[in-house]
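Written out below as structure tokens is the structure these notes cover.
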Amino acid sequence: MEKELAKAYDASKVEDEIYKEWEDSGFFNPDNLKDAKKPFVISMPPPNATGKLHIGHAMFLTLEDLMIRYHRMKGDKALWIPGTDHAAIASNAKVEAQLKEKGKTKYDFGQEKFIEEVQNYISNSQDTIRNQIRKMGSSCDWSRERFTMDEGLTNAVQTMFVDMHKDDLIYQGFRIVNWCPHCESTLADDEVEHKDQDAQLYYMKYGPFIVATSRPETKLGDTGVAVHPKDDRYKEYVGQVLEVDLAGHKIKVKVFADPEVDQEFGSGVIGVTPAHSQVDYAFADKYGLEMIQVIDQQGNMTKEAGKYAGQSVKEARKNFVKDLEAVGLLDKVEDYSQATSICYRCGAAIEPLMSKQWFVNVNKASKKLGKQSLKEKSIEVVKNGDINIVPDRFNKIYFNWMENLHDWCISRQIWFGHRMPVWYKLDDKEKNSPVVQVESPGKDYIQESDTLDTWFSSSLWTFSTLGWPEKTKDLKEFHPTQVMETGYDILFFWVARMIMMTTYAMGEVPFENVYLHGLVRTRDGSKMSKSKPETIIDPLDMIKDYGTDALRLSLLIGTSPGNDIKLYKEKIASYRNFVNKLWNVSRFIFSTYEKPAGYSDPQPETAIDKAILTLFDDLINKTTKDFDKFQFGQAGDRVYDFVWHEFADWYLEISKFEKTESKPQILYYILENILRLMHPMIPFVTETLWKNLDKKEMLMIAPWPEQGGYDHKEELKTFRKAKEIITDIRNLRAVYQVKPKEIINAKITKEISAEGQQLIANLAKINFTNDISKKGSVSLEYLDLALGEVIDLDQEKARLEKEKKNLENYLTGLEKKIKNIKYLDNAPPNIVEQDKLRLEEKKAEFEELERQLDAI
RNA sequence: GGAUUCGUAGCUCAGCUGGUUAGAGCGCUAUCCUCACACGAUAGAAGUCACAGGUUCGAAUCCUGUCGAAUCCACCA
């Protein structure tokens with residue numbers, strides 16, 4: 001023992017120092033784990049380099065660090081690769097917002113200068129984030145840290161693009177895409193959110209029809225009218241081309257019949273606007289309709305919109321409706337709830353627009369994928385078990401999404417992001433003849449100004465971080481990775497795309513297991529949001545107040561894979577209390593006993609010794625199994641219970657009077673192995689306490705505990721029985737308000753071992769004597785207790801009667817069960833055996849109760 | 001319109017392939033500043049496991065339906 005331990009554990013005093021020792025040791029880097037062979041690799045989901053960590057990050061850092069530390073202790077070559085994501089759209093938006101505060105826009109800077117601004121901003125955020133990851137105790141390999149826009153990863157992105165283009169899996173296409181007028185960029189289908197909004201449905205007179213629409217202004221670009229083939233109301237018009245006058249704006253529409261049309265909705269007539277609706281575009285394709293674009297990329301009306309040209313969509317709608325009304329073309333307006341598309345980043349309404357973009361073809365068979373498409377391959381590797389998703393209900397969700405996947409639009413019109421390796425001749429204004437290669441083809445070429453979807457680069461994350469496309473040693477040794485741990489909210493955005501891109505590029509899966517955690521929510525179950533700052537739990541504040549270990553436990557215990565958790569201060573505080581309990585257990589052991597020689601193989605002497613070692617063996621076994629099955633919450637719960645309610649509450653208390661040579665051995669043995677078992681969950685306090693064991697090596701690389709081979713079932717039973725008797729006596733004391741210090745006389749009425757007597761005497765404050773006064777005495781199984789004058793015999797009788805009744809009911813049920821022939825025929829023998837034993841035990845208890853009642 | 005999850009003590013949740021009289025933490029009640037810990041100790045109260053059926057010797061656990069909460073997917077003008 002070097003120094004006295006403080007009365008209470010102060011996390012803030014030790015955590016930074018301990019982290020530095022870990023980091024300096026070099027063991028975060030698996031190359032320094034000398035005897036380790038089997039790789040265990042996790043690629044850290046790279047946080048967006050846009051600000052600071054939130055509680056969701058704390059969640060994944062806790063879970064991933066737990067797995068990494070567990071495997072490192074098990075002797076695996078544990079590698080956790082950290083990194084950050086450039087988060088193209090988010091970074092652009094953040095910096096643009098900052099500029100706006102200064103009254104400027106990105107156009108004041110120009111693309112080059114603006115990108116510099118973004119880079120400055122990102123590099124600041126990265127520093128913050130690195131420190132915060134350290135604060136959580138994360139044992140990741142900083143020497144391998146990557147950034148989605150560093151040189152290596154940029155090379156990977158461009159190489160991938162060129163490869164896929166060669167294989168026709170990336171192509172340029174002119175079609176309807178999701179356009180966010182606020183971000184001024186395209187979005188992928190899954191970056192669009194659908195929300196029901198209160199809207200108006202306008203019924204307008206439209207030639208011979210009435211057409212219902214929520215967006216009247218788009219009707220200016222109509223080129224078709226769709227009705228149902230069986231709708232007799234409109235039969236005569238099908239096949240005709242009509243000229244329709246919309247308050248002075250003339251359009252030509254071709255009438256056609258299609259079974260897709262719902263006769264019940266609106267008027268049963270659809271005005272078809274191919275340039276501004278996905279559905280209508282499909283119609284146009286099928287029936288050969290013209291396309292007229294009436295809305296531009298800023299969300300304003302084009303010159304095709306006639307007198308409304310230049311107006312915003314909103315203005316145009318108002319004015320157009322007014323005009324319709326003026327000439328009596330507006331039939332009626334109804335309120336209804338409309339499923340509107342909004343941008344998942346900024347919340348602006350999405351405009352479906354025609355545009356030339358780059359796409360990943362998910363349906364085209366590829367030689368590289370054994371003649372399967374990206375989609376088919378991605379489904380296959382999950383179906384055949386190459387990838388295991390935890391919890392498995394997400395399999396279904398994954399398959400459903402994959403099966404319905406459309407081509408992925410990967411080009412974005414924002415300035416900051418990966419430039420595409422695409423070049424056009426200077427005079428190719430329409431961008432019709434792209435040259436796809438990493439290097440510029442020559443001076444008379446300019447590079448495509450669009451950038452790539454952020455998820456394109458992150459989908460390469462597991463292998464680009466290991467050096468791909470170079471054939472590096474790391475790539476060979478550490479890919480595929482073992483676990484991808486992330487939130488279920490990015491299953492599609494990220495996990496699915498990693499599977500798609502990695503199976504193509506590497507011919508293998510990116511990871512063997514996917515562990516999906518839930519979202520951290522507020523106490524009432526709502527999402528923590530920036531608009532309600534009081535609901536946000538800042539991990540750094542919690543670390544300051546309660547320590548990192550307490551925060552980590554609060555994110556582990558009581559959680560299960562895929563399920564959301566509610567987090568609040570009181571919860572974290574209760575785990576702070578646990579950490580302090582562990583601290584004081586250790587403090588007691590260290591200050592009471594010198595470290596005994598040879599304690600790693602303790603020799604139990606008493607029944608209690610044997611019982612606690614048996615329980616502890618079981619704990620080691622179950623914790624290991626739970627970790628292997630990703631049941632971290634359960635593992636935490638179990639260890640918590642053992643430490644507090646078996647080891648501290650009973651064994652430690654017993655060691656205070658049952659003085660044997662075995663005690664210091666066993667106390668040190670169990671304590672040391674508790675520190676090992678709990679290290680992956682609460683690394684700081686365990687490593688700090690470990691120092692008092694004077695070990696050569698740090699706990700972080702100490703071997704994972706193995707069972708000691710203690711299996712003393714009889715002694716365990718004795719221990720349980722003793723606890724029961726002691727609790728019963730304590731209960732009586734409480735009921736009759738015997739002073740805690742007062743010693744009760746008792747006579748033994750059945751055989752009871754000397755060890756048992758000692759336990760009862762000390763823990764229930766009993767003095768054994770044959771001379772107890774009959775008055776005010778009560779009989780308990782094994783004992784007659786004299787409770788002095790305090791006892792109320794009537795009250796005691798009533799208490800016992802109640803207990804007897806309970807037991808009687810239970811016994812009746814059990815007896816009936818055991819006599820049931822069907823039960824005997826069907827139940828497994830061990831269950832029957834168990835029940836018979838229980839029946840005997842309870843019968844004995846019942847008889848004892850009767851005896852006690854007679855005595856009163 | 002498809003799909004999923006959840007509904008267990010006042011609150012937050014465990015309970016994995018059906019087998020003790022259903023558990024924990026917080027809160028609550030009572031007694032204690034007992035020589036590791038008041039971030040503590042001891043004892044206790046508290047649940048028809050949403051509801052209704054079914055399968056089974058046996059159901060909180062499996063199946064069906066109902067009600068309630070939430071989430072995801074989807075091109076309803």
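Just so it is clear: chains get the letters A, B, ... in the order the sequence lines come, proteins before strands, and each one is counted from 1.
Listed candidates were B/U20, B/A36, B/C16. Nearest to the side chain of A/Leu652 is B/A36. The side chain of A/Pro828 sits closest to B/G19 out of B/C76, B/G19, B/G25. Picking from B/U21, B/A77, B/A3 the nucleotide with the shortest atom distance to the side chain of A/Lys396 gives B/A3. Ranking B/A36, B/U21, B/C26 by closeness to the A/Phe588 side chain, first place goes to B/A36. Comparing B/C37, B/C76, B/G19 against the side chain of A/Tyr823 picks out B/G19 as the nearest. Residue A/Ile270 has its side chain nearest to B/A77 when only B/A77, B/A43, B/C57 are considered. Closest to the A/Arg521 side chain, of the nucleotides B/A14, B/U71, B/U42, is B/U71. Across B/C72, B/G25, B/A77, the shortest atom-to-atom separation from the side chain of A/Ser214 is found for B/A77. Side chain of A/Asp637, nearest nucleotide from B/A24, B/C39, B/U12: B/A24. Side-chain atoms of A/Glu653 lie closest to B/A36 of the nucleotides B/A74, B/A41, B/A36.
Remark: side-chain polar atoms of A/Asn767 are not paired, donor with acceptor, to backbone N or O of A/Ile744 under 3.5 angstrom. A/His276 places a side-chain N or O within donor-acceptor distance of the main-chain N or O of A/Ile295, the cut-off being under 3.5 Å.
In this structure, a donor-acceptor pair under 3.5 Å is absent between the side chains of A/Asp641 and A/His645. Remark: the A/Tyr344 side chain and the A/Glu191 side chain contain an N/O donor-acceptor pair separated by less than 3.5 Å. A donor-acceptor contact under 3.5 angstrom links the side chains of A/Asp564 and A/Tyr488, judged on distance only.
Residues A/Val495 and A/Tyr398 are not in side-chain contact: their nearest non-hydrogen atoms beyond the backbone lie 4.5 Å or more apart.
More than 12 heavy atoms of other residues, nucleotides or ligands lie within 6.0 Å of NZ in A/Lys656, so this atom counts as buried by the packing criterion.
In this structure, A/Leu5 places its CG atom 12 Å from C1' of B/C37, rounding to the nearest Å. One interatomic measurement links the two molecules: CD1 of A/Ile565 to P of B/U5, which rounds to 20 Å at whole-angstrom precision. Atom-to-atom, CD of A/Glu742 to C1' of B/C32 comes out at 14 Å; the value is rounded to the nearest Å. Atom P of nucleotide B/C75 and atom NE2 of A/His276 are separated by 19 Å, given to the nearest angstrom. If you measure from atom CD1 of A/Ile831 to atom C1' of B/G18, you get 10 Å, rounded to the nearest angstrom. For A/Asn830 and B/G18, the CG to P distance is 14 Å, given to the nearest whole Å. Counting to the nearest Å, the C1' atom of B/C13 and the CG atom of A/Leu555 are 14 Å from each other. A straight line from CD of A/Gln834 to P of B/G19 spans 11 Å, rounded to a whole angstrom.
When the side-chain nitrogen and oxygen atoms of A/Asn731 are compared with OP1 and OP2 of B/G44, one or more of them lie within a distance under 4.0 Å. Within the structure, every side-chain polar atom (N or O) of A/Arg393 is placed at least 4.0 Å from both OP1 and OP2 of B/U4. Residue A/Lys571 places no side-chain N or O under 4.0 Å from the OP1 or OP2 atom of B/C11. A close approach under 4.0 Å does not occur between any side-chain nitrogen or oxygen of A/Asn400 and OP1 or OP2 of B/C72.
Only the P atoms considered, B/A3 is 49 Å distant from B/G40, to the nearest whole Å. Nucleotides B/C62 and B/C49, compared at atom C1', are 16 Å apart to the nearest Å. B/A41 and B/A22 are spaced 27 Å apart, taking the C1' atom of each and rounding to whole Å. Across B/U66 and B/U4, the matching P atoms stand 14 Å from one another, rounded to whole Å. Taking atom C1' in both B/U8 and B/A60, one finds a spacing of 7 Å when rounded to whole Å. Across B/C11 and B/C28, the matching C1' atoms stand 12 Å from one another, rounded to whole Å.
The base of B/C13 has none of its N or O atoms less than 3.5 Å from a complementary donor or acceptor on the side chain of A/Lys566. In this model, no side-chain donor or acceptor of A/Gln631 finds a partner on the base of B/A14 within 3.5 Å. A donor N or O paired with an acceptor N or O is not found under 3.5 Å between the base of B/U56 and the side-chain atoms of A/Lys822. Looking at A/Lys219, its side chain has no donor and acceptor atom pair within 3.5 Å of the base of B/A77.
As judged by a 4.0 angstrom heavy-atom cut-off over every strand, A/Lys656 is placed among the base-contacting residues. Nucleic acid contact class of A/Ser277 (heavy atoms, under 4.0 Å, all strands): none. In this structure, A/Gly633 reaches neither bases nor backbone, as no heavy-atom distance under 4.0 Å exists between it and the strands shown.
By the 30° and 60° cut-offs, the orientation of the rings of A/Phe256 relative to A/Tyr287 is parallel. Ring-plane geometry between A/Phe647 and A/Phe642 is classed as parallel, the angle between the planes falling under 30 degrees on a 0 to 90 degree scale with a further cut at 60. Note on ring orientation: taking the six-membered ring where Trp is involved, the planes of A/Tyr593 and A/Phe588 are perpendicular (angle over 60°, cut-offs 30° and 60°).
Comparing A/Val735 and A/Ala573 by the nucleotide of RNA chain B that holds the closest heavy atom to each, the one mapping nearer the 5' end is A/Ala573. Mapping A/Ala734 and A/Gln263 onto RNA chain B via the closest heavy atom, the residue that lands nearer the 5' end is A/Ala734.
Note on residues 568-580 of chain A: pairs passing salt bridge (Lys or Arg N to Asp or Glu O under 4.0 Å), not counting sequence neighbours, are A/Arg523-A/Glu570.
Secondary-structure stems of RNA chain B, taken as three or more successive Watson-Crick or G-U wobble pairs (i with j, i+1 with j-1) under a 3.5 Å distance threshold, comprise B:1-7 with B:67-73, B:10-13 with B:23-26, B:28-32 with B:40-44, B:50-54 with B:62-66.
A heavy atom closer than 4.0 Å to some atom of RNA chain B occurs in A/Asn580, A/Lys581, A/Asn584, A/Val585, these being the qualifying members of residues 578-585 of chain A.
Between A/Phe209 and A/Tyr234, the ring center distance clears the sub-6.0 Å criterion.
Contact between A/Tyr9 and A/Val579 at its shortest, heavy atoms only, is CD2-CG1, 3.4 Å.
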